[in-house]
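One-based numbering, in listed order, for ligands and for the atoms of each.
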Amino acid sequence: MSLLELDKVSVAYGPRTALDAVDLAVAEHETVCVLGPSGSGKSTLLRAVAGLTGISTGAVRLAGRDQAGVPAHRRGLGLMFQDHQLFPQRDVGGNIAFGLRMRRVPRDEAARRVAELLELVGLPGAERRSVAALSGGEQQRVALARALAPRPRLLMLDEPFGQLDRDLRERLVVELRQLFRTLGTTVLAVTHDQGEAFALADRVVVMRAGRVAQTGTPVEVWRRP
Ligand code: ADP
Ligand code: ADP
């Protein structure tokens with residue numbers, strides 16, 4: 001079954017059509033990467049799924065349920081954007097636990113989850129470190145842990161490694177793929193980097209000018225560029 005379905009979703013910013021009747025389905029446990037040049041509508045797609053941008057026509061469904069009128073924080077999504085915006089005044093543990101506290105997860109359960117996530121993202125025992133003192137790659141790992149903490153049914157990543165150097169990106173992508181498999185996470189990720197998309201994705205969706213131009217496994221998309 002598809003966890004996420006977009007049914008002819010269009011988004012317009014004034015006279016400008018950013019998404020033009022986009023159909024897309026993401027199956028449970030699948031990692032789908034949306035690839036495409038700047039301005040092709042990738043971020044708008046994520047924002048429409050998240051409920052951060054209103055859609056003009058069509059429908060977004062999560063687990064079969066139409067999301068019209070469902071506010072962003074009720075959609076059960078984990079979001080991680082390029083400018084991850086960690087809270088500089090909170091330590092690593094406080095950043096990851098932030099959404100859990102808001103969801104009234106008890107403190108000891110939250111602390112357990114934080115410790116577990118830090119293990120998973122390769123920063124064991126980092127709870128008390130200051131986020132300001134972390135490297136860019138470490139900050140991305142913390143942002144990822146924060147996005148995963150509430151156990152979202154769908155994790156959405158927007159250019160998650162945009163600011164990192166290539167070596168680090170390649171390493172993180174390999175680690176993440178393994179992590180998502182282990183956890184069974186369903187992922188919709190946006191990138192303009194073909195190598196990143198092909199390394200991470202079970203399936204690639206190529207966007208051009210607000211439309212889905214192509215979709216297939218990385219190998220299929222590679223063969224007919
Ligand atoms: P991408 O993520 O692929 O770079 P975007 O979804 O950001 O593409 O943008 C798609 C189109 O919508 C572009 O033409 C962009 O200029 C336009 N756009 C994006 N956000 C806004 C906005 N807030 N107001 C007006 N136009 C926008
Ligand atoms: P307050 O004391 O106002 O309730 P917090 O509870 O958010 O503020 O934070 C208190 C301290 O405990 C902060 O340093 C925060 O980073 C840390 N903290 C909060 N929850 C956790 C957690 N689950 N795991 C690790 N550290 C946490």
Side-chain angles (χ1 to χ4, degrees), residues 3-26 30-62 67-73 75 77-86 136 139-140 143-144 146-147 152 154-166 169 172-173 176 180 185-218 220-222 224-225:
L3 177 66
L4 171 69
E5 285 170 305
L6 276 75
D7 183 4
K8 306 237 168 348
V9 170
S10 296
V11 172
Y13 297 109
R16 162 164 263 152
T17 300
L19 282 189
D20 188 3
V22 168
D23 287 325
L24 175 70
V26 180
E30 190 180 31
T31 294
V32 171
C33 281
V34 180
L35 191 61
S38 178
S40 59
K42 306 183 298 297
S43 295
T44 301
L45 177 70
L46 286 196
R47 295 177 59 82
V49 172
L52 299 169
T53 295
I55 64 177
S56 329
T57 59
V60 173
R61 285 188 288 271
L62 276 163
Q67 297 297 295
V70 180
H73 68 279
R75 295 190 179 194
L77 306 172
L79 304 178
M80 180 177 155
F81 294 146
Q82 174 167 2
D83 51 342
H84 42 67
Q85 295 180 342
L86 295 174
Q139 291 188 6
Q140 288 305 83
L144 178 69
R146 183 176 62 177
L154 175 67
L155 177 67
M156 299 206 294
L157 312 172
D158 191 354
E159 301 282 0
F161 313 115
Q163 294 160 337
L164 305 180
D165 68 58
R166 179 154 287 276
R169 274 159 77 162
L172 271 178
V173 165
L176 280 196
F180 295 153
T185 317
T186 308
V187 182
L188 181 61
V190 153
T191 176
H192 64 272
D193 185 299
Q194 184 164 307
E196 200 170 292
F198 284 14
L200 194 58
D202 299 312
R203 205 151 50 80
V204 174
V205 171
V206 183
M207 304 241 349
R208 271 191 229 302
R211 291 169 172 260
V212 173
Q214 212 181 338
T215 178
T217 63
E220 286 165 356
V221 171
W222 180 258
R224 30 182 184 85

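Thr191 has its side chain out of reach of Phe161: every pair of non-hydrogen atoms, C-beta onward, lies at least 4.5 Å apart. Looking only at side-chain heavy atoms (C-beta outward), Leu144 and Leu155 come within less than 4.5 Å of each other.
In the vicinity of Ser38, heavy-atom distances shorter than 4.0 Å reach the ligand 1 atoms 4 (O). Within the listing of ligand 1, atoms 1 (P), 3 (O), 8 (O) sit less than 4.0 angstrom from a heavy atom of Ser40. Against a heavy-atom cut-off of under 4.0 Å, Pro37 is close to the following atoms of ligand 1: 3 (O).
Looking only at protein heavy atoms, the nearest one to atom 3 (O) of ligand 1 is Lys42 NZ, 2.8 Å. When hydrogens are left out, the protein atom nearest atom 9 (O) of ligand 1 is Thr44 OG1, 3.9 Å; that is the closest non-hydrogen contact. Here the protein heavy atom with the shortest distance to atom 13 (C) of ligand 1 is Gly39 O, 3.6 Å. Protein heavy atom nearest atom 7 (O) of ligand 1, with residue, atom name and distance: Ser43 CB, 3.8 Å. Here the heavy atom of the protein found nearest to atom 8 (O) of ligand 1 is Gly41 N, 3.0 Å. For atom 12 (O) of ligand 1, the nearest protein heavy atom (residue, atom name, distance) is Ala18 CB, 3.4 Å. Atom 27 (C) of ligand 1 has as its closest protein heavy atom Tyr13 CD1, 3.2 Å. The nearest protein atom to atom 16 (O) of ligand 1, hydrogens excluded, is given as Arg16 NH1, 3.9 Å; this is a heavy-atom distance.
Of the heavy atoms in Arg47, none comes closer than 4.0 Å to ligand 1.
Between Ala18 and Tyr13, the shortest heavy-atom contact is CB-CE1, 3.4 Å. Between Met156 and Leu46, the closest heavy-atom pair is CE-O, 3.4 Å.
Gln194 contributes atom CD, which lies 11.5 Å from atom SG of Cys33 (distance to the nearest 0.5 angstrom). Leu24 contributes atom CG, which lies 11.0 Å from atom CG of Asp7 (distance to the nearest 0.5 angstrom). Taking CG from Asp20 and CZ from Arg208, the interatomic distance works out to 15.0 Å, rounded to the nearest 0.5 Å. Summarising the geometry, atom CG belonging to Leu35 is positioned 8.0 Å from atom NZ belonging to Lys42; distances are rounded to the nearest 0.5 Å.
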